Structure formats: C-alpha cells, structure tokens
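Computed from a prediction, not measured in an experiment: that's the story for all the values here.
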Amino acid sequence: QVQLRESGGGLVQAGGSLRLSCAASGRSFSSYGMGWFRQAPGKEREFVAYITWSTGYSSYADSVKGRFTISRDNAENTVDLRMNSLEPEDTAVYYCASRNRYSSASNYRESAYDYWGQGTQVTVSS
C-alpha cells in the first residue's frame with residue numbers, strides 16, 4: 001500500500017512561484033515513477049508532469065513546459081513540483097500519483113497510476 005501526501009499549495013499572484021511536494025510512504029516495487037495532475041473547477045483532471053524514480057527521466061504537459069520543473073529525492077521518497085511564472089490558468093487542485101510499472105497506459109493517462117494523494121489547492125490571482 002502506498003500513501004501519498006501533497007503539501008505546498010496556496011495563494012500566489014500571477015508571475016509568482018510555488019513549490020509542491022509529495023511524500024510517498026510504503027512505496028512499493030510496482031511504483032515506477034510519479035506524476036502530477038491537476039483539476040481546475042468545472043474541468044477534467046489533466047496531466048502536468050512525470051518523473052521516473054530510477055533515471056529521473058521527466059516529461060511535461062505543453063502548457064507548463066519551461067515554467068514547471070519536477071524532481072525527485074529517492075532517499076526521502078519525495079517528488080517536488082517547482083512552479084514558476086504562474087498564471088491564473090494554473091489555478092487548480094494538484095494531485096500527485098504513483099505510476100504502476102506494470103501498466104501499459106501512457107504516462108499522460110490517469111489509468112497508468114494506481115495511488116493518488118488527496119490534492120492540494122493552488123490559486124493564482126491576476
């Protein structure tokens with residue numbers, strides 16, 4: 001069983017920065033990497049970023065590329081999302097999720113992930 005806990009959300013002005021952190025406990029062998037997703041009011045949850053535990057390979061949604069950076073600390077079992085140049089459109093609840101190594105789904109798909117955190121609110125004011 002994997003438990004994920006996000007922290008670091010809050011209110012920030014447009015152009016500002018925030019760092020989200022996800023702490024994973026009970027990390028299982030099946031966890032291949034970690035993803036960040038977000039869900040804005042009235043919208044579906046969408047992929048933000050992904051990183052593998054082993055090599056640190058990362059990928060990003062086009063909407064955040066160049067502004068967000070995902071990183072991991074294998075020793076601490078944490079994954080961070082550094083968000084710069086925040087825009088009001090980034091306002092959402094942000095979720096971290098553990099990717100199952102046995103899933104054939106794309107990293108961009110929710111179905112590739114089998115454990116989710118409770119989410120943390122990020123609000124960007126204009």
Closest contact, heavy atoms only, [X] versus [Y]:
{"X": "Ser103", "Y": "Ser111", "value": "OG-O, 3.8 Å"}
{"X": "Tyr94", "Y": "Leu81", "value": "CD2-CD2, 4.2 Å"}
{"X": "Lys43", "Y": "Gln39", "value": "O-NE2, 3.1 Å"}
{"X": "Ile70", "Y": "Met34", "value": "CD1-O, 4.0 Å"}
{"X": "Arg72", "Y": "Thr55", "value": "NH2-C, 3.6 Å"}
{"X": "Arg45", "Y": "Glu110", "value": "NH2-OE1, 3.0 Å"}

Within the 3.5 Å criterion, strictly below it, is a donor on [X] or [Y] matched to an acceptor on the partner's side chain?
{"X": "Thr78", "Y": "Asp73", "answer": "no"}
{"X": "Arg99", "Y": "Tyr113", "answer": "no"}
{"X": "Ser85", "Y": "Glu87", "answer": "no"}

Determine whether a donor-acceptor pair (N or O, by modelled atom type, separation under 3.5 Å) exists between the side chain of Tyr32 and the backbone of Ser54. no
OG (Ser98) and CH2 (Trp116) are apart, to the nearest 0.5 Å, by 10.5 Å
- Looking at Phe37 versus Phe47, is the centre-to-centre ring distance below 6.0 Å? yes
Applying ring-ring contact (aromatic ring centres under 6.0 Å, His included) to Phe68 and not counting sequence neighbours gives none
Compile the donor-acceptor pairs under 3.5 Å between side chains in residues 7-20 and protein atoms, sequence neighbours left out, one pair per line.
{"residue": "Ser17", "atom": "OG", "partner": "Asn84", "partner atom": "OD1", "Å": "2.8"}

Problem set entry | Derivation of the side chain to side chain contact (heavy atoms under 4.5 Å, CB included) call for Gln3 and Tyr115 | CA-CA 7 Å; Gln3 292 183 328; Tyr115 295 102; over 6 Å; no
Sorted by chain and residue number, the salt bridge (charged side-chain N to carboxylate O under 4.0 Å, His left out) partners of Lys65 (sequence neighbours excluded) come out as Asp62
